[in-house]
Amino acid sequence: MPEYEIDEFKKKYPRLADEILSGKTKQINLQIQLLDPWRGYVPTVVDYIRRCKTIEEAFEVLDYLVKRGELTQEQAEKYREVLRSGGIEAFGGRKEDDYYYREAVKYWNKLARKIKRSESELEENIEETT
């Protein structure tokens, strides 16, 4: 969320600043949403495997998923074969402990750049029409 000094805000949004700062407006309601790129995301078997530090740990995860009924024995055996032949790297490499946080930061930064571009384009359009 961008922050502005009052003078900068007045220059950037003169009519809005006048309305807000003149005392005419008694109440301002702002709705700020934090966008969570992982909301509703359900990790897959591959996600779990990629968090493992060793192949043995990955085998334990597969056993656990079979025990819970989230994976069949046949499916688990296919994953074990891939692990035996290619290791965890066969699934794309290990996801570090802060993997999802770093991916979310990338998402938020990309979104912030997109918003900033949109704001700039909007300002240019306003300047062209005035």
Side-chain angles (χ1 to χ4, degrees):
M1 187 60 61
E3 291 184 19
Y4 299 100
E5 295 293 326
I6 290 186
D7 289 337
E8 180 185 1
F9 185 78
K10 285 178 180 179
K11 285 180 187 175
K12 201 164 190 163
Y13 307 103
R15 292 186 185 110
L16 181 59
D18 182 51
E19 184 177 332
I20 291 172
L21 300 173
S22 68
K24 297 174 192 170
T25 302
K26 301 292 183 208
Q27 182 177 356
I28 300 172
N29 293 321
L30 298 176
Q31 183 178 10
I32 300 171
Q33 293 181 336
L34 178 61
L35 300 173
D36 180 1
W38 303 114
R39 184 179 182 143
Y41 178 75
V42 178
T44 65
V45 176
V46 172
D47 290 321
Y48 292 128
I49 290 172
R50 290 183 64 193
R51 297 295 301 253
C52 297
K53 293 180 181 174
T54 65
I55 293 174
E56 292 76 21
E57 193 175 308
F59 288 163
E60 289 177 22
V61 167
L62 293 171
D63 291 340
Y64 176 77
L65 293 173
V66 168
K67 183 179 173 183
R68 288 192 36 115
E70 296 181 33
L71 200 61
T72 67
Q73 191 65 44
E74 294 77 25
Q75 291 169 320
E77 190 51 43
K78 288 180 183 178
Y79 285 111
R80 285 186 187 95
E81 288 173 20
V82 174
L83 284 163
R84 284 186 200 105
S85 64
I88 294 170
E89 295 76 24
F91 294 97
R94 185 168 182 277
K95 288 184 177 181
E96 299 297 326
D97 291 342
D98 62 349
Y99 172 82
Y100 291 102
Y101 173 75
R102 285 185 287 117
E103 289 299 311
V105 167
K106 287 179 194 175
Y107 171 83
W108 292 323
N109 287 338
K110 185 177 178 181
L111 184 62
R113 286 191 301 272
K114 188 175 182 180
I115 290 169
K116 194 162 189 91
R117 272 195 307 270
S118 295
E119 285 177 348
S120 296
E121 291 170 5
L122 179 62
E123 288 172 9
E124 288 173 11
N125 288 340
I126 290 171
E127 288 173 4
E128 288 174 3
T129 59
T130 57

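From a predicted model like this one, the values you see are computed outputs, not experimental measurements.
A donor-acceptor pair under 3.5 Å is formed between the side chain of Arg50 and the backbone N or O of Gly92. Glu81 places no side-chain N or O within donor-acceptor distance of the main-chain N or O of Lys78, the cut-off being under 3.5 Å.
Taking 4.5 Å as the limit, some side-chain heavy atom of Arg80 sits within range of a side-chain heavy atom of Leu62. Side-chain contact between Tyr13 and Asp18: absent, with no pair of heavy atoms (C-beta onward) separated by less than 4.5 Å. Between Lys106 and Tyr101 the shortest side-chain heavy-atom distance does not fall below 4.5 Å. Lys95 is listed as a side-chain neighbour of Arg51, based on a closest heavy-atom distance under 4.5 Å. Using a 4.5 Å heavy-atom cutoff, the side chains of Tyr100 and Asp47 are in contact.
A salt bridge between Lys67 and Glu60 is absent, with no side-chain N of the basic residue lying under 4.0 Å from a carboxylate O of the acidic one. In summary, Glu96 and Arg94 engage in a salt bridge, as defined by a charged side-chain N under 4.0 Å from a carboxylate O.
Gly87 and Ile55 make their closest contact through CA-CD1, 3.9 Å (heavy atoms, listed as atom of the first residue, atom of the second, distance). Minimum heavy-atom separation, Gln73 to Val66: OE1-CG1, 3.3 Å. Cys52 approaches Glu57 most closely through the heavy-atom pair CA-OE2, 3.4 Å.
Atom-to-atom distance recorded for Asp97:CG and Arg102:CZ is 9.5 Å, nearest 0.5 angstrom. Ile49 contributes atom CD1, which lies 5.0 Å from atom CG of Leu83 (distance to the nearest 0.5 angstrom). Between atom CG of residue Leu65 and atom OG1 of residue Thr72 there is a gap of 11.0 Å, rounded to the nearest 0.5 Å. Note: Lys12 NZ to Asp7 CG = 14.0 Å, rounded to the nearest 0.5 Å.
Within the structure, the ring pair (Phe, Tyr, Trp, His ring centres under 6.0 Å) test picks out the following pairs touching residues 40-69 (sequence neighbours left out): Trp38-Tyr41.
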